[in-house]
2 protein chains.
Amino acid sequence: MRIGELAARAGTTTRTLRYYEARGLLPARRDGNGHRTYDESDLRLLRQIRTLQDFGFDLEETRPFVECLRAGHPEGDSCPAALVVYRRKLAELDALIGQLTAVRETVAGQLARAERARDDLAADALVPGGPEPACELGGLTR
Amino acid sequence: MRIGELAARAGTTTRTLRYYEARGLLPARRDGNGHRTYDESDLRLLRQIRTLQDFGFDLEETRPFVECLRAGHPEGDSCPAALVVYRRKLAELDALIGQLTAVRETVAGQLARAERARDDLAADALVPGGPEPACELGGLTR
DNA sequence: GTAGGGGTTGACGTGGGCGTCAAGGCAAGG
DNA sequence: CCTTGCCTTGACGCCCACGTCAACCCCTAC
């Protein structure tokens with residue numbers, strides 16, 4: 001099959017396939033016209049790449065998986081080098097999720113504080129006689 | 001104070017300050033020599049920007065906070081526009097953390113599966129007589 | 001003949017937030 | 001006078017995974 005068909009079958013673009021070839025990740029044979037030619041095994045490799053890309057793997061990180069498949073192993077992650085990438089990615093994900101969660105909590109706290117400040121000001125505006133509602137002296141303003 | 005001092009006091013670089021000015025975020029007065037001049041309030045604005053940047057806010061997203069401070073409000077998040085950004089960021093963070101967590105679980109599952117497959121093959125290699133260890137027929141191979 | 005639908009290479013654009021270099025000015029100190 | 005140090009503007013580099021455009025070739029159908 002040619003580049004357009006492979007791209008369509010993998011749900012990607014010809015530009016992407018040419019890019020992968022330029023990076024040495026998915027080389028192609030050529031027919032008499034100089035057109036790139038692919039077979040079903042290339043589709044398999046491409047799908048492996050795309051899956052990992054969707055997971056957020058860098059292109060270079062997919063290389064061990066592709067080479068593993070090309071070496072004849074049943075799965076892209078049948079090789080130690082791929083497992084190393086998996087483990088490193090897991091550590092990266094854990095670190096990132098941890099950071100993002102911490103930021104999320106901080107931002108949530110800031111938002112809550114800012115909303116409280118805003119509501120306090122609004123309450124002050126409604127009750128002109130009492131800018132300091134709590135802790136005046138006693139409790140019986142009325 | 002001049003640009004170098006402000007950068008140092010905010011823990012950033014002169015390049016960054018010029019970039020902010022080019023983006024209209026932190027304009028500077030000029031002295032007789034054409035040198036940028038800042039005061040303490042600019043440091044305040046800059047610190048607001050840097051804090052939000054550290055949280056992962058886009059530069060444009062810091063603008064409402066900066067304008068809020070410049071308008072004389074006590075905090076950068078004393079204005080509704082800033083609260084909108086907070087809420088949007090929270091939603092983005094939640095979505096992102098959710099996606100990353102899902103990916104993390106998927107990758108962890110793939111890793112576990114791949115390791116099991118590897119261990120099974122290793123076991124097969126150690127026991128040449130039994131490539132199918134479980135569910136042979138009965139249970140008493142010995 | 002020509003229009004259309006494939007393909008080819010090469011090269012520049014994108015986004016974000018700067019880093020880095022080039023070429024020059026201006027003031028203080030030895 | 002010269003160096004040092006700070007400043008100025010302008011412009012290109014970076015990273016990554018492509019998108020997009022240009023100019024051209026090839027085959028088929030009408």
Side-chain angles (χ1 to χ4, degrees), chain A residues 1-39 42 45-66 85 88-89 92 96 99-100 103, chain B residues 1-39 42 45-66 85 88-89 92-93 96 99 103:
Chain A
M1 98 192 84
R2 290 185 303 174
I3 192 169
E5 184 181 349
L6 178 61
R9 289 182 63 184
T12 182
T13 68
T14 60
R15 179 68 183 91
T16 296
L17 298 191
R18 281 189 269 263
Y19 178 66
Y20 290 171
E21 180 172 13
R23 311 255 57 196
L25 204 58
L26 193 64
R29 277 111 303 190
R30 302 302 179 109
D31 68 9
N33 290 328
H35 292 179
R36 291 174 178 79
T37 303
Y38 303 89
D39 58 21
D42 290 316
L45 300 184
L46 179 53
R47 286 195 168 135
Q48 174 75 79
I49 297 171
R50 292 267 94 199
T51 299
L52 294 175
Q53 283 273 89
D54 290 346
F55 286 168
F57 284 55
D58 294 343
L59 206 50
E60 274 310 307
E61 293 179 319
T62 71
R63 197 180 291 273
F65 295 79
V66 176
V85 174
R88 185 157 48 75
K89 209 65 189 176
E92 285 176 20
L96 182 56
Q99 288 178 34
L100 289 177
V103 168
Chain B
M1 97 191 84
R2 290 186 303 176
I3 194 171
E5 185 180 348
L6 178 60
R9 289 181 64 184
T12 182
T13 68
T14 60
R15 178 68 183 91
T16 296
L17 298 191
R18 280 188 270 262
Y19 178 66
Y20 290 170
E21 180 171 13
R23 311 253 55 195
L25 202 59
L26 192 65
R29 277 111 302 185
R30 302 302 178 112
D31 66 11
N33 291 328
H35 292 179
R36 291 173 177 79
T37 304
Y38 303 89
D39 58 22
D42 290 315
L45 300 184
L46 179 53
R47 287 198 167 131
Q48 174 75 77
I49 298 172
R50 293 266 93 200
T51 300
L52 295 175
Q53 284 274 88
D54 289 346
F55 287 168
F57 284 55
D58 294 342
L59 207 49
E60 273 311 307
E61 292 180 319
T62 72
R63 197 179 294 272
F65 295 80
V66 175
V85 175
R88 186 157 46 76
K89 209 65 191 175
E92 286 177 19
L93 282 169
L96 183 55
Q99 289 178 34
V103 168

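Keep in mind that this is a model prediction, so the values were computed, not measured. Labels below follow one simple rule: chain letters A, B, ... track the order of the sequence lines, proteins then strands, and each chain is numbered from 1.
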Atom pairs and distances, side-chain donor-acceptor, residues 48-58 of chain A, under 3.5 Å, sequence neighbours left out:
| from | atom 1 | to | atom 2 | distance (Å) |
| --- | --- | --- | --- | --- |
| Arg50(A) | NE | Tyr20(A) | OH | 3.4 |
| Arg50(A) | NH2 | Tyr20(A) | OH | 2.7 |
| Thr51(A) | OG1 | Arg47(A) | O | 2.8 |

What side-chain donor-acceptor pairs closer than 3.5 Å can you find for residues 4-12 of chain B, not counting sequence neighbours?
| from | atom 1 | to | atom 2 | distance (Å) |
| --- | --- | --- | --- | --- |
| Arg9(B) | NH1 | Glu40(B) | OE2 | 3.0 |
| Arg9(B) | NH2 | Glu40(B) | OE1 | 3.1 |
| Thr12(B) | OG1 | Thr16(B) | OG1 | 3.4 |

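The environment of Arg23(A) atom CZ is sparse: at most 12 non-hydrogen atoms of other residues, nucleotides or ligands sit within 6.0 angstrom.
Taking all atoms of both residues into account, the shortest heavy-atom contact from Gly34(A) to Arg30(A) is O-NH1, 2.9 Å. Residues Arg63(B) and Gly24(B) come closest through the heavy atom pair NH1-O, 3.4 Å. In terms of heavy-atom proximity, Val66(B) sits nearest to Leu25(B) at CG1-O, 3.7 Å.
Residue Thr14(B) has no polar side-chain atom (N or O) positioned under 4.0 Å from OP1 or OP2 of dC18(C). Distances shorter than 4.0 Å separate some side-chain N or O of Thr13(B) from OP1 or OP2 on dG19(C). The phosphate of dA17(D) has neither OP1 nor OP2 within less than 4.0 Å of any side-chain N or O from Tyr20(A).
Whole-Å rounding puts the Leu17(A) CG to dT9(C) P distance at 13 Å. A straight line from CZ of Arg23(A) to P of dA17(D) spans 8 Å, rounded to a whole angstrom. With rounding to whole Å, Arg2(B) atom CZ is found 10 Å from dA28(C) atom P. In this entry the distance linking CD of Glu5(A) with C1' of dG7(C) reads 14 Å, nearest Å. Following rounding to the nearest Å, Ile49(B) (CD1) and dG16(C) (C1') show an atom-to-atom distance of 15 Å. Going from atom CG of Leu6(B) over to atom P of dC7(D) covers 10 Å, rounded to whole Å. If you measure from atom CD of Glu21(B) to atom C1' of dG10(D), you get 15 Å, rounded to the nearest angstrom.
A donor-acceptor pair under 3.5 Å links the side-chain atoms of Asp31(A) to the main chain of Asn33(A), judged by distance alone.
Asp42(A) contributes atom CG, which lies 4.5 Å from atom CZ of Arg29(A) (distance to the nearest 0.5 angstrom). Separation of atoms CZ (Arg2(B)) and CZ (Arg36(B)) is listed at 12.5 Å; rounding is to 0.5 Å.
Asp39(B) pairs by the side chain to side chain donor-acceptor pair (under 3.5 Å) definition with Ser41(B), not counting sequence neighbours.
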Which atom pairs link the protein and nucleotides 12-15 of chain C when you take only N or O atoms and keep those under 3.5 Å?
none

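For the segment residues 27-36 of chain A, the set of residues with a heavy atom within less than 4.0 Å of an atom of DNA chain C comprises Arg30(A), Gly34(A), His35(A), Arg36(A), in numerical order. The stretch residues 50-62 of chain A touches DNA chain D through Arg50(A), Gln53(A), Asp58(A), Leu59(A), each having a heavy atom under 4.0 angstrom from the strand.
The nucleotide whose nearest atom lies closest to any side-chain atom of Ile3(B) is, among dG6(C), dC18(D), dT8(D), dT8(D). Side-chain atoms of Arg18(B) lie closest to dT9(D) of the nucleotides dT9(C), dG19(D), dT9(D). Set against dT8(C), dT8(D), dA17(D), the side chain of Tyr19(A) has dA17(D) as its closest nucleotide.
Using a cutoff of 4.0 Å between basic side-chain nitrogens and carboxylate oxygens, Glu92(B) and Lys89(B) are scored as salt-bridged.
Between Leu17(B) and Tyr38(B) the shortest side-chain heavy-atom distance falls below 4.5 Å.
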